[in-house]
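Here the structure comes first, spelled out in structure tokens, and everything after it is commentary.
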Amino acid sequence: MALKLGAYTACLPDRTLTEALDILKENGLTSVEVNTGGFIPSPHCPVDLLLSSATAREEYLAVFADRGMELTGLNCNGNPLNPLPGVGPKHADDLRRTIRLAGLLGVRHVVTMSGTPGSDPDAKYPSWVVNPWDGVYMDVLDYQWGVAVEFWKEIDALARENGVRVAIEMHPHNLVFSPVTLKRLVEAGGLTNVGAEMDPSHLMWQGMDVIACVKWLGPLVFHAAAKDATLCPGADIRGVLDTSFTRVPAEADGKVPTGYGFWCNRWPENPAWKFVAVGLGNEVPFWTEFLRALAEVDPDMAVNIEHEDAEYPQTAGLALAAKNLRSAAAAL
């Protein structure tokens, strides 16, 4: 038994599935995660076709098997609790469809985010509360947790019905953004098929001890991402909860959608933190200990690189991340 090292193909949106797989294989990776909806398109997974055709599913899985690779995760990151009618309902539907597709494909894990509701039943926009020292924000959180628990009880039942486990990425601006909030959701809903996707990058910039997080969650860690982050000089005056982002014009090429009429903003020029290729924020010995902690939870866990280092071209950054991840694994 050994950890399955691979990559999330969202970093190669301009390549066909076969081209993306060949790039992963060239870098010594055998595990693959593809996007199926939510915030971004799904160029490497024809969801509608695969849901409707057993033959298409067989042919799709053969593309991986012919290269000695395994499809280990379907990724549907979005905000299924967003009160905006063009976002929340679609992301929730994408998640349900992804769970059904995972069951049909025999893929054990679906990766997603918990989502964030509005502040109250009449809210138009999602509202993320991170420091509820003022009592009014406890009322907001009570409402939001009520919404989230009911939704996730439904998703948990659907996952159980389809033989799938849903791994939540603990991502800021979501109700679940830390091990403590992840466990709170699981316990409040009595969830059996919902746990964590251990993406260390978001825990890093929040100042958490990643290895301690893995050990504290233990069997609730279902799936993992290899993604690095580093604090930058801008943190001296911005702190990590910085809002100094700027809008990307609607006519800009290559903007990343987050819902109908919304897309990702432009990063500050002097950021507090940023994503970097695996090994550049935390050196290889850290990643060895990260992999060791994951293997203690599940020696067969999939660990997929999520490459978002803007300083490197797609393939060069992925190659560097793969090299460092394989070095970390070799040291186990």
Side-chain angles (χ1 to χ4, degrees), residues 1-9 24-25 27-34 64-65 67-75 102 106-112 159 163-171 176 178-180 182-183 186 191-204 206 208-229 275-307 318-332:
M1 296 188 294
L3 295 171
K4 301 170 183 177
L5 305 184
Y8 175 33
T9 64
L24 267 58
K25 186 173 182 178
N27 285 287
L29 304 173
T30 59
S31 171
V32 187
E33 185 175 323
V34 298
F64 298 85
R67 289 166 173 77
M69 308 185 83
E70 179 183 357
L71 180 60
T72 57
L74 303 183
N75 192 305
V107 174
R108 186 77 198 281
H109 292 110
V110 166
V111 178
T112 190
V164 172
R165 300 199 301 179
V166 179
I168 291 178
E169 179 179 348
M170 296 171 284
H171 193 301
V176 170
S178 65
V180 170
L182 186 285
K183 187 173 282 189
V186 170
L191 311 182
T192 61
N193 285 51
V194 173
E197 188 238 14
M198 181 53 66
D199 180 335
S201 64
H202 301 291
L203 309 184
M204 290 169 181
Q206 292 183 80
M208 300 185 206
D209 181 328
V210 172
I211 307 304
C213 290
V214 174
K215 293 183 177 181
W216 190 76
L217 284 172
L220 282 177
V221 178
F222 291 172
H223 193 79
K227 187 177 176 186
D228 210 344
F275 297 125
V276 293
V278 171
L280 298 189
N282 294 267
E283 295 181 350
V284 169
F286 163 83
W287 291 98
T288 296
E289 294 310 306
F290 177 64
L291 295 178
R292 191 186 312 280
L294 295 176
E296 289 175 357
V297 175
D298 177 3
D300 290 324
M301 190 178 297
V303 185
N304 294 327
I305 295 166
E306 185 176 356
H307 175 60
L318 181 59
L320 177 60
K323 176 186 175 183
N324 287 333
L325 187 62
R326 287 189 285 105
S327 295
L332 283 176

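Just so you know, these numbers use all the heavy atoms, side chains as well, and skip hydrogens, waters and symmetry mates.
You'll find the side chain of Met208 reaches within 4.5 Å of the side chain of Pro179, heavy atoms only. In this structure the side chain of Asn75 never reaches within 4.5 angstrom of the side chain of Thr112, judged on heavy atoms. Using a 4.5 Å cut-off on side-chain heavy atoms (C-beta onward), Leu24 and Ile305 make no contact.
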Under the criterion side-chain contact (heavy atoms from CB on, under 4.5 Å), I'd like the reasoning laid out for Leu320 against His307: C-alpha separation, chi angles, the key distance, then a yes or no.
CA-CA 10 Å; Leu320 177 60; His307 175 60; over 6 Å; no
Derivation and outcome, side-chain contact (heavy atoms from CB on, under 4.5 Å), residues Arg108 and Arg165:
CA-CA 6 Å; Arg108 186 77 198 281; Arg165 300 199 301 179; 3.3 Å; yes
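Note: Trp287 and Phe290 have perpendicular aromatic rings, judged against thresholds of 30 and 60 degrees for the angle between ring planes. The aromatic rings of His202 and His171 sit tilted relative to each other, their planes meeting at an angle between 30° and 60°.
Between the side chain of Asp228 and the backbone N or O of Asn282, at least one donor-acceptor pair lies under 3.5 Å.
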For residues 209-224, which side-chain donor-acceptor pairs fall under 3.5 Å, sequence neighbours excluded?
unit_1 : atom_1 : unit_2 : atom_2 : d
Asp209 : OD1    : Ile211 : N      : 3.2
Asp209 : OD1    : Ala212 : N      : 3.0
His223 : NE2    : Glu33  : OE1    : 2.9

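In this structure, NE2 on His109 lies 12.5 Å from CG on Leu71, to the nearest 0.5 angstrom.
Partners of Glu296 by side chain to side chain donor-acceptor pair (under 3.5 Å), not counting sequence neighbours: none found.
Residue pairs meeting the salt bridge (charged side-chain N to carboxylate O under 4.0 Å, His left out) criterion with at least one member in residues 320-332: none, sequence neighbours excluded.
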